[in-house]
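Please read the structure below before turning to the comments.
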2 protein chains.
Amino acid sequence: MARGSFRDQVLRVREDAIVSSVNRLLAEKGFEQMTVDEVAADVGIAKASLYKHFASKEALAAAAMVRVLERTMEVLGQQAARGVSAVERLREVTRWALRVQLAGEMPILPSQNSSLRAELLGHKPYLELLMQVSDRLGEWIVQAQGDGDLDRSLPPELVLYTLFARACDPVPGVLKSSGRHSDDQVVDWVLSTCFSGIATRPS
Amino acid sequence: MARGSFRDQVLRVREDAIVSSVNRLLAEKGFEQMTVDEVAADVGIAKASLYKHFASKEALAAAAMVRVLERTMEVLGQQAARGVSAVERLREVTRWALRVQLAGEMPILPSQNSSLRAELLGHKPYLELLMQVSDRLGEWIVQAQGDGDLDRSLPPELVLYTLFARACDPVPGVLKSSGRHSDDQVVDWVLSTCFSGIATRPS
DNA sequence: GTCTATAAAGCGATAGAC
DNA sequence: GTCTATCGCTTTATAGAC
């Protein structure tokens with residue numbers, strides 16, 4: 001791919017810094033609670049300059065959502081290249097998502113009545129990526145059920161939503177905030193409750 | 001307890017209607033997205049009248065949170081009176097919470113950076129009730145682990161947070177919104193993923 | 001493109017008449 | 001206690017100078 005002129009590269013770097021700030025602020029406070037003033041202050045430029053790069057607050061958030069989905073697709077590609085079972089791939093992708101969340105870098109899913117939601121539903125790059133991610137995960141879920149590793153009585157739809165929800169669950173953050181457990185310990189526990197539940201496994 | 005004068009009873013009924021509106025709006029949009037104008041319009045009185053009953057928006061929300069905790073305590077009392085195992089009591093309480101959530105009547109947990117959080121931390125009735133609920137659930141969790149019904153390797157703290165989080169999980173709502181499943185079916189599925197996980201039970 | 005300054009709208013909360 | 005009207009503040013977005 002062409003990198004464009006030097007000027008374009010500088011622009012890219014600047015916009016990438018903006019998206020990083022938006023991503024972190026979205027993870028921290030969610031879309032409605034995040035203010036454009038905060039984003040501008042965090043990036044270190046004036047608010048009016050922000051609007052030269054992105055047309056609206058919704059466009060800012062959409063860019064962050066697209067980037068996290070792109071990174072998710074990269075992780076899916078890495079897992080696909082490993083010679084492990086489908087359920088193991090699902091577990092490792094979930095582990096990655098939980099780590100991102102604990103690092104404070106997982107932008108919050110748009111709540112159902114958000115103005116962001118309307119914007120995203122009309123944003124093709126986002127929708128296409130979301131569909132790609134869902135399709136790939138859906139394949140692995142069906143495959144893992146066929147392997148006998150995931151519960152066959154659960155609809156794949158339910159499993160998919162459950163995995164998405166765990167990536168935004170407040171539980172890891174609350175557990176981490178107690179300060180008594182390492183990130184890896186928290187991730188292992190939440191992974192365990194997600195895949196194996198809280199009940200005892202029948203022996 | 002004294003019921004007070006007729007005038008006081010009318011006041012109680014009025015305030016109960018306010019709290020019901022707040023409860024539903026909190027469940028629908030969360031604290032920050034809920035506006036006092038909406039509450040007033042929903043109750044059918046002027047905004048200034050609202051402020052004669054409750055000192056602030058935070059006080060409105062706190063009243064709703066207290067009421068849901070009171071109802072939770074009632075449910076805990078009912079379950080305690082049944083002659084069933086601790087894990088079964090926990091499952092039924094969770095089932096009740098999921099039904100309330102699907103009915104659109106489970107006020108959303110205060111996010112960590114909310115102005116509501118500060119108010120609630122200084123609100124003794126709320127804190128006391130929350131502690132009562134947590135203590136009772138904590139006892140049952142330890143008991144269920146002792147019975148061999150809940151995974152002993154999980155800290156009770158993790159199990160407690162997990163149950164609280166499931167009461168506010170977006171998954172049931174998303175599943176219900178597809179319109180293809182009954183509420184009972186959705187609740188059964190989510191209960192299954194919560195207690196038994198998504199993985200196959202080893203035979 | 002970046003800035004300062006400001007417009008336009010929505011919000012929580014209150015004043016004051018009845 | 002209820003109402004109408006409004007204050008004071010925050011927020012998104014833009015105008016216009018440089």
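Computed from a predicted structure; not experimentally measured. By convention in this document, chain letters (A, B, ...) are assigned in the order of the sequence lines, proteins followed by strands, and residues within each chain are numbered from 1.
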At the 4.0 Å heavy-atom cut-off to chain B, mark where contacts on DNA chain C begin and end, going 5' to 3'.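 Under 4.0 Å from chain B, the extent on DNA chain C is C:dC11 to C:dA15.
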With sequence neighbours excluded, give me every salt bridge (Lys or Arg N to Asp or Glu O under 4.0 Å) pair touching residues 173-184 of chain B. A:E157-B:R180, B:R99-B:D184, B:K176-B:D183
With sequence neighbours excluded, give me every salt bridge (Lys or Arg N to Asp or Glu O under 4.0 Å) pair touching residues 19-45 of chain B. B:R24-B:D42, B:K29-B:E38, B:D37-B:K47
Let's see if you get this right: which residues in residues 50-64 of chain B place a heavy atom under 4.0 Å from DNA chain D?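 DNA chain D contact set from residues 50-64 of chain B: B:K52, B:H53.
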Return all side-chain donor-acceptor pairs below 3.5 angstrom for residues 134-141 of chain A, not counting sequence neighbours, or 'none' if the list is empty.
unit_1, atom_1, unit_2, atom_2, d
A:S134, OG, A:L130, O, 2.9

How close do A:D169 and A:P172 get, heavy atom to heavy atom, and via which atoms? O-CD, 3.2 Å
Closest heavy-atom pair and its distance - B:V43, B:A17: CG2-O, 4.4 Å
Which residues pass the salt bridge (Lys or Arg N to Asp or Glu O under 4.0 Å) test with A:E74, not counting sequence neighbours? none
Any residue meeting salt bridge (Lys or Arg N to Asp or Glu O under 4.0 Å) with B:D149, in chain and number order, not counting sequence neighbours: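 Result, salt bridge (Lys or Arg N to Asp or Glu O under 4.0 Å) vs B:D149: none returned.
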Between protein and nucleic acid, restricted to nucleotides 5-8 of chain D and to nitrogen or oxygen atoms under 3.5 Å apart, what atom pairs and distances do you find?
none

Give me each pair satisfying ring-ring contact (aromatic ring centres under 6.0 Å, His included) with a member in residues 40-74 of chain A, each pair once, sequence neighbours excluded.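 Every candidate ring-ring contact (aromatic ring centres under 6.0 Å, His included) pair involving residues 40-74 of chain A fails, so no pair, neighbours aside, qualifies.
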Quick one: which residue pairs count as a ring-ring contact (aromatic ring centres under 6.0 Å, His included) with a foot in residues 165-191 of chain A, not counting sequence neighbours? A:H181-A:W189
Quick one: do the A:Q9 and A:R12 side chains pair a donor with an acceptor below 3.5 Å? no
Verify whether one side chain among B:R67 and B:S20 offers a donor that lies under 3.5 Å from an acceptor in the other.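 There is such a pair (donor and acceptor under 3.5 Å, judged by atom type) between the side chains of B:R67 and B:S20.
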Could I get the full list of side-chain contact (heavy atoms from CB on, under 4.5 Å) partners for B:Q78, not counting sequence neighbours?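 Not a single residue meets the side-chain contact (heavy atoms from CB on, under 4.5 Å) criterion with B:Q78.
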If you take any heavy atom closer than 4.0 Å to DNA chain C, which residues from residues 15-38 of chain A end up in contact?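 Output list: empty, so none.
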